[in-house]
Amino acid sequence: MIAYAWLVPAIPLVAYLLLLALGRRVHEGVAAAIGVLATLISLVLSLMIFVDVAQGGGQLPYLWTWLTFGPGPGHTWQAGFEVNSLNALMLVVVSFVSTLVLLFSRGYMHGDPRFGVFYQYLLLFVFSMLGLVISPNFLQLYVFWELVGLCSYLLVGFWYEKPEAAAAAKKSFVVTRLGDVGLLAGIILLYLATGSFDYDDIARAIQTGGLQIHWIGPQGLATLGALLVFLGAAGKSAQFPLHVWLPDAMEGPTPVSALIHAATMVAAGVYLVARSFALFDASPVALDVVAYIGGITAILGAAIGLTQRDIKRVIAYSTISQLGYMMMGLGVAAYSAAVFHLFTHAFFKALLFLAAGSVIHAVDTQDLGRMGGLWRRMPVTASTFLFGALALSGVPPFAGFWSKDEILASTLAAGRPLLFALGMVAAFFTAFYIFRVFFLTFTGRYRGDRVPRESGWVMTLPLVLLALMALGAGWAGAPFTGYALERFLGEPSGASEAGAGPGVMAISTAVSLLGIGLAWLMYGERATSPEAWSRSLWPLYRLSFHKFYFDELYQAVIVRPAFALGKAFDWVDRRIIDGIVRLAAEATLAVASGVRRIQTGQVQTYGLITLLGIVALIAVSWSLLWGVRS
C-alpha cells in the first residue's frame with residue numbers, strides 16, 4: 001500500500017481542479033460533497049498506509065529524476081515520496097482533521113457567496129500539506145512549504161472586503177516569509193556541503209563527518225544549518241519572536257483556524273524539526289536554542305491568553321503556547337514525546353476552534369462579554385468544548401495529560417529545571433484561561449442580542465468525533481498501553497525518552513486543577529466581580545492584554561524605520577535619479593526645439609540660409625588665404 005501513498009495528496013488535488021473547472025457558481029451541496037469525499041478517501045488510504053507501516057511495511061523512498069544540469073556528471077535533483085512512521089502518522093492526522101473541517105464548513109459557510117471558492121482553497125491546502133508530509137527531501141518540502149503559505153494567505157484573507165482580514169493575511173504572509181528566508185538559506189547551505197537535498201544523505205554526512213565546507217567545519221555547519229532550518233520552523237509554528245502573525249490570522253473563517261492554524265500548517269514547523277532531527281542532534285547549541293525558544297513561547301502565549309476577550313484569539317494564543325511545548329520537547333531530545341503532543345494537540349485544538357465556531361455561528365460575535373448561559377441552549381457544543389478544555393488543561397484521562405506530562409518529565413530528565421518550571425507555570429495559565437472562556441461562554445446569564453440555538457448535525461458531528469479523540473487519543477501513548485505510539489515512532493539517533501513518573505503526573509494534575517479552580521472562583525456563576533481582580537493586578541493585566549506590546553515594538557523598531565528608509569529611497573529615486581533622467585530629456589527637447597525652428601519647410605528660407613552659409617564659407621576661406629600670403 002505504501003507504493004500508492006502519492007494518491008493521498010493527489011485525490012484532494014483532483015477535487016480542487018474539479019471545483020475550479022465547475023466555477024464559482026457551483027451548488028453548495030456539490031462543492032461540499034466533492035471536498036468531503038476527497039478527504040475521506042485520503043483518510044482511508046492514510047489509515048491503510050499507517051497499518052502497513054505498523055506491520056513493518058517497506059519504507060524506502062520512491063524517487064524519480066526531476067532535473068539534471070551542469071557539466072560532466074552534473075547535478076541531479078530528484079522528486080518523489082517517502083513513507084516512514086512519522087509521516088504515516090501525520091497523514092492520518094491531516095486527512096482526519098481535514099475531513100471533519102470540510103464537513104463542518106458545510107454548515108458554517110452556508111450562504112457565503114464564494115462558498116465554492118472556499119472549498120477550492122481548503123482542498124488546495126490539504127493537497128499542499130499532504131505533499132509536504134511525504135516529501136523525501138528538503139527541496140520538495142520547500143515547494144509544498146510555500147504552497148501551504150500561499151493557501152494560508154488566501155484563506156486568512158478570504159473575507160478580503162474586511163480591512164482587518166486583508167491586513168491579517170498580509171501580516172501572516174510577510175512574517176512567515178522572514179522565517180522561510182532562513183529555511184531556504186539553510187537548505188542551500190546543506191546542499192553545498194553534501195551535494196544532496198535528501199534527509200537520509202544529510203544524516204549520513206553528519207554521521208561520517210562529511211557535513212562541511214572548506215570555510216566551516218562539521219560542528220559549525222551543523223549548528224548554522226540547524227538554526228537556519230529552525231528559523232523557518234519558528235515562522236510557520238509561530239515561535240517567539242515570530243509569533244505575532246497567528247492571533248491576527250483569526251480574522252479568517254473559523255474552519256480555517258481549526259484546520260490551518262491549529263492542527264496542520266502551524267504543526268509543519270514542529271514536523272520539520274522532527275523530520276530533520278539528525279541535524280539538530282548533531283548540534284547541542286541548536287537543541288538548546290530550540291528548547292529555550294520553545295519554553296519562552298509556551299509561557300508567553302499562555303500569559304497573553306489570560307486576558308484576551310475574543311474567544312478565537314484566546315485559543316490562538318493557546319496554540320502558540322502548545323507549539324512551544326512541542327519545540328521544548330524536541331530541544332531536550334524528547335522526540336517521541338514532542339510528536340505525541342503534536343498528535344493529541346491536533347484533535348483537541350481543532351475541537352476547541354470548531355466548538356468556538358459553533359458558538360460564533362449561533363451568537364454572531366466573538367466577544368466573550370456578549371456570551372454566557374449557552375450550556376442550556378447549545379448542550380452538544382458546550383459538552384464537546386468541555387472535553388477539549390479538559391484535554392488542553394492536561395486533566396487525566398484526557399489526551400493532553402499524557403503527552404504534555406511526557407514533555408515535562410523529559411525536561412527534568414535532561415537536567416533542565418528552568419524549562420520544567422516554565423512548563424508548569426504555562427500549564428497553570430492554560431487551565432485558567434481556557435476555563436475562563438468556558439465559564440464566560442457557557443455558564444451564567446446570556447449577555448448577547450441574538451437568540452442562540454444548537455448547530456445542525458453537519459457541525460455537531462465533527463465536534464462529537466473530535467471530542468472522542470480528545471478523550472482517547474492520548475491512550476495510544478499511555479503507560480498502560482506500553483507506550484504504543486512511542487514504539488511505533490521509534491527513536492532517531494540521539495533522542496531520548498523519559499516516561500512521566502507518578503510525581504510529575506501528580507504535580508501537573510494539581511497545577512491544572514488549581515488553574516481550573518481559580519477560573520471558577522473568578523468567572524463561575526457565583527464568582528465575584530472579575531473586574532476587581534483585574535484592577536488589583538492592573539499593570540500585569542495591561543501587559544497581558546496588550547500582548548506585551550510586541551506589535552507596538554515591531555512597529556517602532558522595524559515597520560516605521562522601514563517606511564522611513566523607503567521614503568528616503570523614494571526621494572532619492574524621484575529627485576536625483578529621475579531628476580537626472582528628466583534633465584537629459586529636457587535638454588534633448590531644448591535642442592530639438594531649436595533645430596525645429598530652422599526646419600520651416602519654406603524654400604526661400606532654405607535659400608537664404610544656403611546663401612548666408614556660402615558667404616560665410618567664402619569669408620572664412622578668404623581670411624585663411626590672406627593669412628597664408630601675409
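Heavy atoms only: backbone and side chains are in, while hydrogens, waters and symmetry mates are out. Nothing fancy with the numbering, it's 1 onward along the sequence.
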Could you tell me if the side chain of I434 sits less than 4.5 Å from the side chain of F385, heavy atoms only?
yes
Could you work out, with side chain to side chain contact (heavy atoms under 4.5 Å, CB included) as the rule, every residue matching Y160, not counting sequence neighbours?
R114
Within the 4.5 Å heavy-atom criterion, are L374 and V363 side-chain neighbours or not?
yes
Are there more than 12 heavy atoms of other residues, nucleotides or ligands under 6.0 Å from atom CH2 of W159?
yes
Hey, what do you get for CG (L89) to OH (Y271), rounding to the nearest 0.5 Å?
10.5 Å
Should F118 and Y108 count as side-chain neighbours, where that means a heavy-atom distance under 4.5 Å?
no
Closest heavy-atom pair and its distance - S358, T381:
OG-OG1, 2.9 Å
State whether the side chain of Y119 and the backbone N or O of L102 hold a donor-acceptor pair below 3.5 Å, judged by distance alone.
yes
Please enumerate all residues that pass side chain to side chain contact (heavy atoms under 4.5 Å, CB included) together with T264, with sequence neighbours excluded.
V94, F125, M129, L259
Atom CZ of R450 with >12 non-hydrogen neighbours under 6.0 angstrom:
yes
Residues 20-31 vs side-chain hydrogen bond (donor to acceptor under 3.5 Å, both in side chains), sequence neighbours excluded, gives E28-R106, E28-H110
SB check R377 E454 (cutoff 4.0 Å)
no
Between S152 and V148, is there a donor-acceptor pair closer than 3.5 Å when you use the side chain of the first and the backbone of the second?
no
Those residues that, when tested against Y153, pass ring-ring contact (aromatic ring centres under 6.0 Å, His included) (two or more places apart)
F173
Are K547 and P247 close enough that some pair of their side-chain heavy atoms sits under 4.5 Å apart?
no
Are the side chain of T297 and the backbone N or O of F240 linked by a donor-acceptor pair below 3.5 Å?
yes
Between the main-chain N or O of V314 and the side-chain N or O of S318, is there a donor-acceptor pair closer than 3.5 Å?
no
Mark yes or no for whether K349, through its side chain, and L392, through its backbone, hold a donor-acceptor pair below 3.5 Å.
no
All salt bridge (charged side-chain N to carboxylate O under 4.0 Å, His left out) counterparts of K170, not counting sequence neighbours
none
Given the rule in the ring pair (Phe, Tyr, Trp, His ring centres under 6.0 Å) test, do F127 and F144 qualify, once you have shown the distances and angles that lead to the verdict?
CA-CA 9 Å; F127 157 70; F144 285 107; 5.6 Å; yes
Of all heavy-atom pairs linking I34 and A15, the shortest is CG2-CB, 3.8 Å
Q308 side chain vs I304 backbone, donor-acceptor pair below 3.5 Å:
yes
So does T39 get a backbone contact from the side chain of T99, meaning a donor-acceptor N/O pair under 3.5 Å?
yes
Pair R177-E146, salt bridge (Lys or Arg N to Asp or Glu O under 4.0 Å): steps then yes or no:
CA-CA 9 Å; R177 291 294 77 68; E146 293 302 318; 3.2 Å; yes
Any chance CZ of F563 has more than 12 other-residue heavy atoms, nucleotides or ligands included, within less than 6.0 Å?
no
Using every non-hydrogen atom in the two residues, find where P9 and I134 come nearest and quote the distance to one decimal.
CG-CD1, 3.8 Å
Side chain to side chain contact (heavy atoms under 4.5 Å, CB included) partners for L184, two or more places apart
Y142, I188
Do the side chains of I49 and V83 get nearer than 4.5 Å, heavy atoms only?
yes
Under the salt bridge (charged side-chain N to carboxylate O under 4.0 Å, His left out) rule, collect the residues that match up with K236, sequence neighbours excluded.
D180
Between S237 (side chain only) and G269 (backbone N and O only), is there a donor and an acceptor less than 3.5 Å apart?
yes
Does L440 offer a backbone N or O that forms a donor-acceptor pair with the side chain of R447 under 3.5 Å?
yes
With sequence neighbours excluded, what pairs up with V244 under the side chain to side chain contact (heavy atoms under 4.5 Å, CB included) test?
K171, V175, F550, D551, Y554
Give the minimum heavy-atom separation between Y121 and C151, together with the two atoms involved.
O-SG, 4.4 Å
Using every non-hydrogen atom in the two residues, find where V8 and L45 come nearest and quote the distance to one decimal.
CG2-CB, 3.9 Å
Short N-O contact, R309 and D367, less than 4.0 angstrom:
no
Distance-minimising heavy-atom pair for Q239 and G294
OE1-CA, 3.7 Å
For H546, the ring-ring contact (aromatic ring centres under 6.0 Å, His included) test, sequence neighbours excluded, returns Y549
Using ring-ring contact (aromatic ring centres under 6.0 Å, His included) as the criterion, list what pairs up with F343, not counting sequence neighbours.
F347
4.5 Å side-chain heavy-atom contact, W245 and V156:
no
Only pairs at least two apart or in different chains count here, so list each side-chain hydrogen bond (donor to acceptor under 3.5 Å, both in side chains) that has a residue in residues 321-330.
Q322-H341
Salt bridge or not for E251 and R313, using N-O below 4.0 Å?
yes
L190 versus L279: any side-chain heavy-atom pair under 4.5 Å?
yes
List in chain and number order the residues that pass ring-ring contact (aromatic ring centres under 6.0 Å, His included) with Y16, two or more places apart in sequence or in another chain; answer none if no residue qualifies.
none
